[in-house]
Amino acid sequence: MNADRLKTRGTVHPDQPVSRRRLLKAGAAGLAASPLLGAGRGRAPAAAQEATPAPDQAEAAPLPLTGERLAAFEAFVAAKLAELGIPGVAVAVVQGGAVAFLEGFGVRQLGQPAPVTADTLLRIGSVTKSFSSMLAAALVDAGRLEWETPLVDLLPTFAVADPALAPRLTIGDAFCACTGLPRRDLEYQLRAQQLTPELMIAGIAQLPLTAPFGEKFQYSNQMVAAGGFAAAVADGGSPTARGDAYALALRERVLNPLGMERSTLDLPAVLADGDYATPHAADIAGALHSLPMMEDDTWVVPVTPAGGLWSSAREMTRYLQTELNRGLSPDGVRVVSAANLERTWRQGVALPSGPDPAPEFAAMFGGYGLGWFVGTSGGQRLIWHTGFVLGFTTLVSFLPEANLGIAILTNGSGTAEQFVYATQFRLLELLFDRPPTIDALLTTALAADAAGRAEAVAQLGQVDPAVATPFLGRYAHPALGDLTLAPRAGTLVLTVGGFRSELRPRLDA
């Protein structure tokens with residue numbers, strides 16, 4: 001649930017253009033099991049400044065993914081999956097309206113033989129945001145709302161810290177990442193077991209606005225969720241049961257017309273299906289550990305439209321085909337008009353530039369549309385979004401003018417982010433006959449990552465019981481809920497809501 005995910009022994013927000021080394025030095029030590037939604041400004045491969053810009057190929061048509069190119073792409077995915085230690089991945093490529101590649105690699109859970117296939121369900125996190133904006137677009141087509149419909153018309157309790165701004169914010173603004181509401185995930189994550197969609201929406205008014213409307217990219221899961229719930233109310237859903245209303249509207253307006261029958265927001269349905277992948281999180285040393293599958297989704301319920309969807313590579317081909325065919329499904333069903341679909345692709349607020357990224361990587365980060373990042377690749381428009389949630393990492397991207405798209409769904413975190421970007425770049429290298437640079441960049445990135453982790457591990461000490469004892473116990477915060485700090489085998493364990501993290505002191509602190 002993109003571009004925020006939980007990194008073990010510390011929380012990483014991929015929207016922030018900061019280095020992994022700095023994040024590791026700043027983060028507390030602890031095996032993290034928090035489910036975080038995220039997307040956005042992930043790390044470019046290390047040493048990216050050494051890369052050369054992709055050639056201008058604005059008018060170039062991609063070569064077919066066949067023969068040696070197909071073999072090279074498949075070999076790259078398999079090799080990098082093993083090299084990076086990611087348990088499994090499902091990859092789909094759509095080209096020229098047809099499925100050009102659809103395959104699973106690796107396993108659903110470390111230590112277990114069941115393979116990841118094209119039909120294995122994985123959580124796609126913040127890629128869900130584009131499904132929510134497609135839902136809104138379909139409802140605009142149906143006359144149920146307009147992009148300019150004020151949110152307060154659909155959500156009477158909706159408010160923001162500036163009373164004058166709240167009535168001006170529209171259904172379209174909910175998806176633009178430009179309202180001035182900053183990223184404040186802990187407010188819903190740590191209290192998720194007590195929150196409903198209605199309480200989450202009411203709580204937005206308590207969050208500070210940190211930028212003027214329309215002037216700064218600020219990713220907000222709460223705002224996107226409000227947009228999704230508002231769309232569901234516009235479709236006739238109950239204003240007091242917005243979670244159910246959203247699930248029904250998404251099913252009837254988007255998933256069923258797309259032919260995505262197994263894609264779902266319902267974790268019990270995933271568990272009953274049986275063909276699903278287990279999430280995995282990396283500890284501070286980089287080793288992956290499987291995380292337990294929760295029996296309920298209380299942590300994601302408040303912001304389901306921002307990151308709650310499960311899908312498979314096979315069903316994501318239908319999503320890509322529909323996007324590339326301007327709203328017409330593979331079965332010929334008009335899901336959304338071309339005009340309103342392309343409205344979601346339109347770049348709005350610009351993204352901040354990172355610290356000397358690779359030119360090809362930097363070109364991806366032009367700006368944000370409505371539930372999509374908007375950039376370029378080789379001069380061609382690139383529409384994309386990542387998803388990072390509870391040990392899953394996903395990337396979905398497409399070039400509309402080249403009629404080419406890719407979906408990469410993994411059950412890993414940590415280096416899985418580098419893997420999904422590298423897989424996309426390798427496909428573009430092969431199909432546009434570009435110099436093969438991503439492999440070397442990835443190798444350098446992994447070396448830098450290992451060095452950063454080793455440095456972080458070397459700085460960790462053991463908890464001194466005499467120092468820690470006065471701080472043990474339970475704490476309460478009106479916005480973040482209750483927190484418990486308890487000792488365990490030379491460490492401290494912090495428990496808050498459904499999350500748990502191990503804490504250790506830094507020797508250089």
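All values derive from a computational prediction rather than experimental measurement. When a residue number appears, it is its place in the shown sequence, counting from 1.
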Check: Phe398 ring centroid to Trp345 ring centroid under 6.0 Å: yes
One pair to check against side chain to side chain contact (heavy atoms under 4.5 Å, CB included): Thr317 and Leu102. What are the steps and the verdict?
CA-CA 8 Å; Thr317 64; Leu102 182 60; 4.0 Å; yes
Side-chain donor/acceptor of Arg242 to backbone N/O of Pro239, under 3.5 Å: yes
### Query
Looking just at side-chain N and O atoms, do Ser126 and Lys129 make a donor-acceptor pair shorter than 3.5 Å?
yes
Sub-4.5 Å side-chain heavy-atom contact between Phe105 and Val107
no
Q) Tell me, do Arg262 and Asp275 make a side-chain contact under 4.5 Å, heavy atoms counted? A) yes
Practice item. Please answer whether the main-chain N or O of Ala277 pairs with a side-chain N or O of Gln109 as donor and acceptor at a distance below 3.5 Å. Key: no
**Prompt:** Going through the checks in order, is the side chain to side chain contact (heavy atoms under 4.5 Å, CB included) test met by Leu328 and Val333?
**Reply:** CA-CA 6 Å; Leu328 197 65; Val333 176; 5.9 Å; no
_Using a 3.5 Å distance criterion without hydrogens, assess whether the side chain of Ser413 forms a donor-acceptor pair with backbone atoms of His280._
yes
Note to self: Can a donor-acceptor pair be found, under 3.5 Å and without considering hydrogens, that links the side chain of Arg314 to the backbone of Ala118?
What the structure shows: no
Rounded to the nearest 0.5 angstrom, the CZ-CZ distance for Arg426 and Phe76 is 7.0 Å
Which of Leu442, Ile408, Ile438, Thr386 passes side chain to side chain contact (heavy atoms under 4.5 Å, CB included) with Tyr421? It is Thr386
**Asked** When you measure from the side chain of Gln95 to the backbone N and O of Ala100, does any donor-acceptor pair fall under 3.5 Å?
**Response** no
Between the CG atom in Leu258 and the OG atom in Ser329, the distance rounded to the nearest 0.5 Å is 6.5 Å
Looking at Gln380, is its backbone amide N or carbonyl O close enough to the side chain of Ser377 to form a donor-acceptor pair, meaning the two atoms are under 3.5 Å apart?
no
dist Leu169:CG -> Thr149:OG1 (nearest 0.5 Å) comes out at 13.0 Å
(request) Say whether, by atom type as modelled, one donor and one acceptor occur between the side chain of Arg123 and the main chain of Gly125 under 3.5 angstrom. (result) no
Step by step, work out the side chain to side chain contact (heavy atoms under 4.5 Å, CB included) result for Leu409 and Ile124. CA-CA 7 Å; Leu409 287 64; Ile124 64 172; 3.8 Å; yes
| task | Evaluate the side-chain proximity of Leu122 to Ser311: yes if any heavy-atom separation is below 4.5 Å, no if none is. | result | no
Residues Leu135 and Ala249: closest non-hydrogen pair is CD1-O, 3.7 Å
All heavy atoms of Val140 vs all of Asn340, minimum pair found to be CG1-ND2, 3.6 Å
*asked:* More than 12 heavy atoms of other residues, nucleotides or ligands under 6.0 Å from CD of Glu83: yes or no?
replied: yes
Could you tell me how the ring of Tyr368 sits relative to the ring of Phe217: parallel (under 30°), tilted (30 to 60°) or perpendicular (over 60°)? tilted
| message | What I'd like to find out is whether the side chain of Thr170 reaches to under 4.5 Å of the side chain of Trp147, using heavy atoms alone. | response | no
If only side-chain N and O atoms count, and only distance matters, is there a donor-acceptor pair under 3.5 Å linking Trp310 with Asp266? no
Practice prompt. Indicate whether the side chain of Asp141 and that of Ser337 have a donor and an acceptor atom separated by less than 3.5 Å.
Written response: yes
Nearest heavy-atom approach of Arg251 to Met260 is NH1-O, 3.1 Å
query: Is any side-chain heavy atom of Val94 closer than 4.5 Å to a side-chain heavy atom of Leu324?
result: yes
The reported gap from CZ in Phe175 to OG in Ser133 (rounded to nearest 0.5 angstrom) is 6.0 Å
Distance alone, cut at 3.5 Å: any donor-acceptor contact between the side chains of Glu417 and Thr393? no
Of all heavy-atom pairs linking Ser263 and Leu309, the shortest is C-CD1, 4.4 Å
(message) In the structure I gave you, are the side-chain heavy atoms of Arg108 and Thr278 within less than 4.5 Å of one another anywhere?
(response) no
Value for CG (Leu288) from CG (Asn411), rounded to nearest 0.5 Å, stands at 8.5 Å
Separation between CG (Leu267) and CG (Leu265), nearest 0.5 Å, reads 11.0 Å
Exercise. Any salt bridge between Glu146 and Arg343, counting N to O under 4.0 Å?
Worked result: no
Exercise. Under 3.5 Å, side chain of Trp384 to main-chain N/O of Met364, donor-acceptor pair present?
Worked result: yes
Quiz item: Is the shortest distance from a Lys or Arg side-chain nitrogen in Lys80 or Glu74 to a carboxylate oxygen in the other one below 4.0 Å?
Solution: no
Closest non-hydrogen contact found for Pro279 with Phe392 is CB-CE1, 3.5 Å
Report task. Answer yes or no: is there a side-chain heavy-atom contact under 4.5 Å between Leu427 and Thr423? Result -> no
Discussion item. If you apply the rule side chain to side chain contact (heavy atoms under 4.5 Å, CB included), what do you find for Arg183 with Gln218, and how did you get there?
Written reply: CA-CA 6 Å; Arg183 186 167 208 155; Gln218 294 190 132; over 6 Å; no
Does the side chain of Leu399 come within less than 4.5 Å of Leu428's, by heavy atoms?
yes
| message | Using 30° and 60° as the class boundaries, would you call the ring planes of Phe229 and Tyr246 parallel, tilted or perpendicular? | response | perpendicular
In short, Gly243 meets Pro197 closest at the heavy-atom pair N-CG, 4.0 Å
For this session: Please check if any side-chain donor atom of Tyr319 sits under 3.5 Å from a side-chain acceptor atom of Glu315, or the reverse.
Result: no
- Query: Going by atom types only, do Asp173 and Thr179 share a side-chain donor-acceptor pair under 3.5 Å?
  - Reply: no
